[in-house]
Amino acid sequence: MVKLIAEQIPVSAKHTPLLVLGVFEDEVEGIMNELDGISTTIVEVVERIVKDKEHTGSFGSSCIVHCFTGPMQRIMLLGLGEKKNLDKEKVRVLAGKAAAKAMEINVSEYSIKPFAQLTKDFTEAVCEGTCLSLYKFDQYQSQKIGESSHGASPVKVSLLVDGDREKWQRVLDTTKIISDAVNFGRDLANLPPNDCSPEYLARVALDLSSKHQRISARVIERYEMESLGLNGIVAVGMGSNRPPKLVIVEYRGNEDSSTNVPYLFVGKAVTFDTGGISIKPSERMEEMKFDKTGGCDVLAIISGLANLEVKANVIGIIPCVENMPSSSAYRPGDIVRMYNGKTVEVINTDAEGRLILADSIAYGIEKYNPKSIIDLATLTGACIVALGSNIAGALTNSPELFDKLRRISEKTNEKFWELPLYPEFNEQIKSKFADIKNIGGRAGGTITAAIFLSNFVNKTPWIHLDIAGTAWTQDGTWDKSYNPKGATGFGIRSLIRLVLDESGSK
Ligand code: BES
Ligand code: ZN
Ligand code: ZN
C-alpha cells in the first residue's frame, strides 16, 4: 500500500527517482519558475520542450525528462489545462494520472509539487487521486500486475510543502484512511459470487470487530429472523442453499450519553441477483455480483470511521442474501408479512432489494431509534435509465439532511440527484390482496421502489441512495483515472465525510 508523506523541502533539493511538476496550458512558461535552483542543463532541456511545444500543458498529458545530474533522476511535466479551470476534481484526476504513469514506468517512489496552490482541498484531492487510481483487484490473476517487469505500484509519494509539514500530514492521514476504506469496499464488492456468500460477508463483519476495539458485530441467523418476523429477508433467501444472514455492525466512538444517538446505515447485500423465479436474461447477468455493493459500502464506511476514531456512534445493518430460483424459492403471488406487520404481495421476485431493505430499516428504527438513516442499494435498473451511470438517485423525507450531503458531494464529486417522493406514488404499489405489492409498474421505477421503502420508515430523517448506475464501471461510465474497472466504492467518501463533519472531528 502506498504511503503519503508531506515533506518540507525545496523542490530543487529533493532526492527522488521522479519529480512531478504541473504545467498550465495558458501559462506554460510558469514552469520555469518552478525549476528555481535546479541545474541549468535541466532548465534548458525543459525550456526547449515547452518552446518546441513537445509539452503544451494540455489537461492530463505528460512528458518525462531524464535528468542525469542533480538530485532528481527524472521530471514528469504534467499538463494541468487552463488555470481558471483547475478545481478539486481536476486535481484528483491529475494525481491519479501521475500515479498511473509512475506505475507504468516502474518507479517505486516519487515526489509531487502541489499544483497551483497548497490548500486543504487540493491536498485531499492529491491523496485520493493517488490512492484510488493505484487500486488493483488482482487476487484472482495468476500473474499479478505488480510482478511483471513493468507496472509495479509505487510505495511512497511525497508531497513537497512549504511550511507546517504536520498540518498537511494530518490532512493526508485522514484522507488516506478514507481512501483505504474506499479500496476495502471495492475489494469486497469485486469478489466473485462463488466466494462471496452471505456467510462470507458475515465473517468480514466479525473480523472487523475482532480488529477494532470499538466495533462489535453480530449475525442474525435465518431461524432467528423467522422468529423475529424478518420475513422479507427470509423470503428472498429461500431459493438459495446458502442461508441469508442479517449482519449488524456497531461502532461506538461516543460514550457521551447526551449526544450519542447513532447514525444508521443500511446496505443492500444481494451476493448474487439472478432475479429468482422472475429470472433475469443471461446477458450481463454476471454483473449482478455487484448487487452486494451497498452492503460492502456500509462495512467500508464503518471501518473507515473506526480507523478515524470519529467521535460518533454508527450502526450498520446489512441484509445479506443470494436471490436464486429453485424449488424452495419464493414465488410471484406469495404474500409476506414484513417486520413492521405490513403485508406485501410479491409480483416480481427480481424486486428483492426493497424487501430486504424494508425489514432492515424497520428493525433498525425499532431497535436503535437512530438520528438518521441512510440506505445504499443497487436497487433499480430504472435509476440508470433516468440518471445514467455517473449519478446516484437520492430520495428523502428530510431536505435538511440531503442538503448536508449535497454540500459534501460538491467536495467529493460523488454526484447525487434528488428524485421526488410524492405520496401519490403509493397508488402504484396498491395490491389487490395485501397492503402493498413489491413493484409499481414501468412508470417511475426508482421512485416507486423508494415509495415502497417509505412504508417502513417513520419520521426519522432518511435518505435512500440508489447506486445501481454508479456502484461499478459499466456502459456509459465516465472514464476517470481514479476509478479503475469494476467496483467504484461510490458514496463511501461522501458518507464518511458526512459523519466526520457532523461530529466535529478533524
Ligand atoms: N439489482 C437489481 C437492480 C439493478 C439492475 C441494478 C441493473 C443494477 C443494474 C434489482 O434487484 C432489480 O432487479 N430490480 C428490478 C425491479 C423491477 C423488477 C421492478 C429492475 O430494475 O428491473
Ligand atoms: Zn433483482
Ligand atoms: Zn437486486
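As the structure lists them, so they are numbered: ligands from 1, and atoms in each ligand from 1. Reckoned from all heavy atoms, side chains included, excluding hydrogens, waters and symmetry mates.
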Query raised in the report: Backbone N or O of Thr470 within a donor-acceptor pair of the Thr488 side chain at under 3.5 Å?
Result: yes
**Report entry** Backbone or side-chain N/O/S of Asp350 under 2.8 Å of the Zn ion (ligand 2)
**Finding:** yes
**Report entry** ligand 1 versus Val270: contacting region, heavy-atom distance under 4.0 Å
**Finding:** neither
Query raised in the report: If you measure every N/O of Arg354 against every N/O of ligand 1, is any gap under 3.5 Å?
Result: no
**Report entry** Shortest non-hydrogen separation from Gly267 to Leu357 and the atoms involved
**Finding:** C-CD2, 4.2 Å
Report task. Using a strict 4.0 Å cut-off to heavy atoms of Trp472, name the atoms of ligand 1 that fall inside it. Result -> 8 (C), 9 (C)
Query raised in the report: Roughly, to 10 degrees, what angle do Lys268 atom NZ and Asp273 atom OD2 form around the Zn ion (ligand 3)?
Result: 170°
Report task. May I ask you to list the atoms of ligand 1 that are less than 4.0 angstrom from any heavy atom of Ile439? Result -> 19 (C)
Query - Ion pair check, Asp435 and Lys342, cut-off under 4.0 Å - result: no
Query raised in the report: Side chain or backbone of Asp350 under 4.0 Å from ligand 1, or both, or neither, by non-hydrogen atoms?
Result: both
Requested in this report: Run the numbers for me: atoms of ligand 1, each under 4.0 Å from some heavy atom of Lys280, listed by number.
Outcome: 2 (C), 12 (C), 13 (O)
Query raised in the report: So does Glu352 pair up with Lys268, basic N to acidic O under 4.0 Å?
Result: yes
**Report entry** Atoms of ligand 1 close to Ile384 [distance to a heavy atom under 4.0 angstrom, numbered from 1]
**Finding:** 9 (C)
Query raised in the report: Relative to Phe272, does Lys292 satisfy both conditions: NZ or CZ under 6.0 angstrom from the six-membered ring centre, and within 45 degrees of the ring's axis?
Result: no
Report summary line: Within 4.0 Å of some non-hydrogen atom of Asp291, the atoms of ligand 1 are 1 (N)
Report task. Taking the Zn ion (ligand 3) as the vertex, measure the angle between atom OE2 in Glu352 and atom OD2 in Asp291; round to 10°. Result -> 100°
Requested in this report: Enumerate the atoms of ligand 1 whose separation from the nearest heavy atom of Thr378 is less than 4.0 angstrom.
Outcome: 1 (N), 2 (C), 3 (C), 6 (C)
**Report entry** Region of Arg284 engaging ligand 1 - heavy atom pairs below 4.0 Å
**Finding:** neither
Query raised in the report: With backbone taken as N, CA, C and O and side chain as the heavy atoms from C-beta onward, which portion of Phe452 lies under 4.0 Å from ligand 1: side chain, backbone, both, or neither?
Result: neither
**Report entry** Within reach of ligand 1, part of Glu287 (heavy-atom separation under 4.0 Å)
**Finding:** neither
Query raised in the report: Which of the atoms of ligand 1 are close to Asn348, meaning less than 4.0 Å from one of its heavy atoms?
Result: 18 (C)
Query raised in the report: In terms of atom number and element, which parts of ligand 1 are under 4.0 angstrom from non-hydrogen atoms of Glu352?
Result: 11 (O)
Query raised in the report: Do any non-hydrogen protein atoms sit less than 4.0 Å from atom 22 (O) of ligand 1?
Result: no
